[in-house]
2 protein chains.
Amino acid sequence: MPQEKSVEDRPVLGVRARARVELTRAIVETARRHLAQDGPANLSLRAVARELGMVSSAVYRYVPSRDDLLTLLIIEAYDALGAAAEKAEAKVPRTDLDGRFVAVGRAVRTWAIEHPHEYALIYGSPVPGYAAPQDTIAPATRVPAILIGVLADAVAAGVYDPAAAPEVPAAVRRSLGPVRAAIPDVVPDDLVVRGIMAWSTLLGLVSMEQFGQFHNVLAEAASQREAFFTEALRRTSAVTTRTPAPRP
Amino acid sequence: MPQEKSVEDRPVLGVRARARVELTRAIVETARRHLAQDGPANLSLRAVARELGMVSSAVYRYVPSRDDLLTLLIIEAYDALGAAAEKAEAKVPRTDLDGRFVAVGRAVRTWAIEHPHEYALIYGSPVPGYAAPQDTIAPATRVPAILIGVLADAVAAGVYDPAAAPEVPAAVRRSLGPVRAAIPDVVPDDLVVRGIMAWSTLLGLVSMEQFGQFHNVLAEAASQREAFFTEALRRTSAVTTRTPAPRP
DNA sequence: CCGAAACAAGAGCACTGCTCTCTACGGAGA
DNA sequence: TCTCCGTAGAGAGCAGTGCTCTTGTTTCGG
């Protein structure tokens, strides 16, 4: 998008530039509504154009392709989910580490229930080409960043004693290379592994519920689903941010 | 499919009936190949028909719709995955409970890596209408059934002492209603919850890797991915099939 | 002020799922 | 054995999709 640079340069935007940002916003917004209603697979560029009263070819002036539009929606979804999780976690006292983890998990689940198609878009099978564009990885880290904060605070508060942390096998330590760059050094590898496992459990639970894997497994009533989920989150937290018992 | 009944009745199949089962098999088979190559979203009935040298409308004599064809492929995928997991688990000595769980987990992951689109079809965001047809739920239980066997053997072998099992909250116990029907009574609710969590962790790990959520988190090298995964599975098993320490 | 760039509109291409009509043929009853 | 009847295949066609190209029109900057 070479236009954006010239747009950024001009302090006062001309008629054309204003119309461009406005229309781009309108396109993404109606696309988001269509996505929420019909799901990623049924998102139609032509339908979006129709609702905006323009012809389909005109949309291509603003969005390079359908996949790029989906990428924009992916970014929006990651951001919305991240905001919801941050808001929920911020309400819990800093010292209540389990409460913070559970709050994040419940926020993710609640957001997924309220935005099933958006959730499927970001955590389901990727619809566009497999390679996730560079723009999506930053917003995708928002929720994990909260969990990293909890891990770091567990060490800081002494709930997890790094001195008692067991060494992880060398191959496992090497596998953690990329994520180590985003985690404070005080968090030992053992706790990093636990954190990734906790995050996987959380997403696994939400995805399985969202994608229907809990049919004929858990009761359908919302209150019981909620009870099970909260229990699972509490147990997950209990095996994550705790000083490990020395094992023979 | 009212024809099937008459087909079952006749001991010797006529030319028409033979051709029907043959062609149906051919359609599903080529569809499976197309699915493996291009993914569920790009599966085209017309392309399948083209490859079989028939016109698209003829396929509708055998498959009611594209979604029904996908449902058939879903059933096949569940069965193939279940077979792979069963085979891997059968090789482990019955007494090695952790080994059996890890074997199942590794088998699921290996199968997912070898059949990414099939995996996405069954454990990713559902492509057809949300309601999973009745025919799919039976094959879907194949892998979980193996894990249930491990849980039951943990109780039988005394590795998990049901006498020491803590009571789960009443709402959680009620949420387990459906799945209890498929689990021996000797397995206490506490262990059922652990089992569902372990299964969620396993699927969460595989899905996150498969859907690209581990980019910039774990190293890309296959050996390191494998090492991390095995470690995670071992840890998951270790917190599942063990007599719980009494907590204050 | 004028040329270049951006824009909207429309036609068109190749493709999809699915329906309908028409013709040919296999199989079972009279 | 012959005669229907239901099934099979072929083709045309409909409505929809993503995307491209051409043709005018409007806006902006030198």
Side-chain angles (χ1 to χ4, degrees), chain A residues 1-27 30-31 34-35 37-73 127-129, chain B residues 1-7 9-27 30-31 34-35 38-73 127-129:
Chain A
M1 301 189 177
Q3 298 88 348
E4 284 189 2
K5 189 173 284 183
S6 61
V7 164
E8 295 292 329
D9 287 349
R10 305 250 147 256
V12 174
L13 279 64
V15 179
R16 273 242 158 104
R18 286 187 70 92
R20 165 164 272 274
V21 301
E22 179 81 13
L23 246 178
T24 307
R25 218 193 45 78
I27 289 172
T30 52
H34 283 208
L35 165 68
Q37 186 115 49
D38 307 325
N42 299 325
L43 176 65
S44 159
L45 256 174
R46 291 178 108 113
V48 171
R50 216 153 33 220
E51 183 169 324
L52 290 172
M54 52 172 132
V55 85
S56 76
S57 61
V59 177
Y60 285 87
R61 299 268 171 198
Y62 303 91
V63 174
S65 76
R66 180 180 179 274
D67 281 5
D68 289 81
L69 181 56
L70 278 176
T71 300
L72 293 178
L73 294 175
V127 187
Chain B
M1 302 190 178
Q3 298 88 347
E4 284 187 4
K5 190 173 284 183
S6 60
V7 164
D9 287 348
R10 304 248 148 255
V12 175
L13 279 64
V15 179
R16 273 237 157 105
R18 285 186 71 90
R20 165 163 274 273
V21 302
E22 179 82 13
L23 247 180
T24 307
R25 217 194 46 77
I27 289 172
T30 53
H34 283 209
L35 165 67
D38 307 327
N42 299 324
L43 177 66
S44 159
L45 256 174
R46 290 178 108 112
V48 171
R50 218 153 30 219
E51 183 169 323
L52 290 173
M54 52 172 131
V55 86
S56 75
S57 60
V59 178
Y60 284 86
R61 299 269 175 201
Y62 303 89
V63 175
S65 75
R66 180 179 179 273
D67 280 5
D68 290 81
L69 181 55
L70 279 175
T71 300
L72 292 179
L73 295 175
V127 187

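Chain naming here is simple, since letters A, B, ... match the order of the sequence lines and numbering starts at 1 in each. As a basis for the values below, the full set of heavy atoms in this structure was taken, side chains included, without hydrogen atoms, waters or symmetry mates.
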- Item | Set of salt bridge (charged side-chain N to carboxylate O under 4.0 Å, His left out) partners for A:E22, sequence neighbours left out | none

- Item | Residues in side chain to side chain contact (heavy atoms under 4.5 Å, CB included) contact with A:A26, at least two apart in sequence or another chain | A:L52

- Message: For B:A58, give me all partners under side chain to side chain contact (heavy atoms under 4.5 Å, CB included), at least two apart in sequence or on another chain.
- Response: B:M54, B:V55

- Item | Gap between atoms OH and P, on B:Y60 and D:dG11 respectively (whole Å) | 17 Å

- Query: Can you find a pair of side-chain heavy atoms, one from B:R20 and one from B:T24, that are under 4.5 Å apart?
  - Reply: yes

- How about A:V48 and A:V59: do any of their side-chain heavy atoms sit closer than 4.5 Å? no

- Query: Taking the side chain from A:R66 and the backbone from A:L43, do they hold a donor-acceptor pair closer than 3.5 Å?
  - Reply: yes

Pairs: protein N or O with nucleotides 12-14 of chain D N or O, under 3.5 Å:
| from | atom 1 | to | atom 2 | distance (Å) |
| --- | --- | --- | --- | --- |
| D:dG13 | O6 | B:R46 | NH2 | 3.4 |

- Task: For B:D38 and C:dT16, give me the distance from atom CG to atom P, rounded to whole Å.
- Result: 11 Å

- Note on the structure: Taking C:dT16, D:dA8, C:dC7 as options, the one with an atom nearest any side-chain atom of A:R61 is C:dC7

- Query: Whole Å only: how far is the CG atom of B:N42 from the P atom of D:dG18?
  - Reply: 13 Å

- Over its full length, what angle do the end axes of the helix from C:dC1-D:dG30 to C:dA30-D:dT1 make, each axis taken from five pairs and the result rounded to 10 degrees? 0°

- Query: Would you say a side-chain N or O of A:R50 is under 4.0 Å from OP1 or OP2 of D:dT17?
  - Reply: yes

- Note on the structure: Looking only at heavy atoms, the pair that brings B:L35 and B:P40 closest together is CD1-N, 3.5 Å

- Item | Summary of side-chain hydrogen bond (donor to acceptor under 3.5 Å, both in side chains) pairs that have at least one residue in residues 40-50 of chain A, sequence neighbours excluded | none

- Go through C:dC18, C:dA8, D:dG9 for me and flag the one nearest to the B:Y62 side chain. D:dG9

- Item | Closest to the A:A47 side chain, choosing from D:dT17, C:dA8, C:dC18 | D:dT17

- Task: Calculate the interatomic distance between B:L70 atom CG and C:dT16 atom C1'; express it in whole Å.
- Result: 14 Å

- Message: Under 4.0 Å, counting only non-hydrogen atoms across every strand here, what does B:L43 touch: a base, just sugar-phosphate, or nothing?
- Response: sugar-phosphate

- Who passes side-chain hydrogen bond (donor to acceptor under 3.5 Å, both in side chains) against A:S65, sequence neighbours left out? A:D68

- Indicate, with a heavy-atom threshold strictly under 4.0 Å, whether A:L23 touches base, sugar-phosphate, or nothing. sugar-phosphate

- Report the distance from atom CZ of B:R18 to atom P of C:dG27, rounded to the nearest whole Å. 12 Å

- Item | Whole-Å distance separating the CD1 atom of A:I27 from the P atom of C:dC7 | 11 Å

- Among D:dG11, C:dA9, C:dC18, find the nucleotide with the atom closest to the side chain of B:L45. C:dC18

- Query: With respect to the phosphate group of C:dA6, does any side-chain polar atom (N or O) of A:R20 fall under 4.0 Å of OP1 or OP2?
  - Reply: no

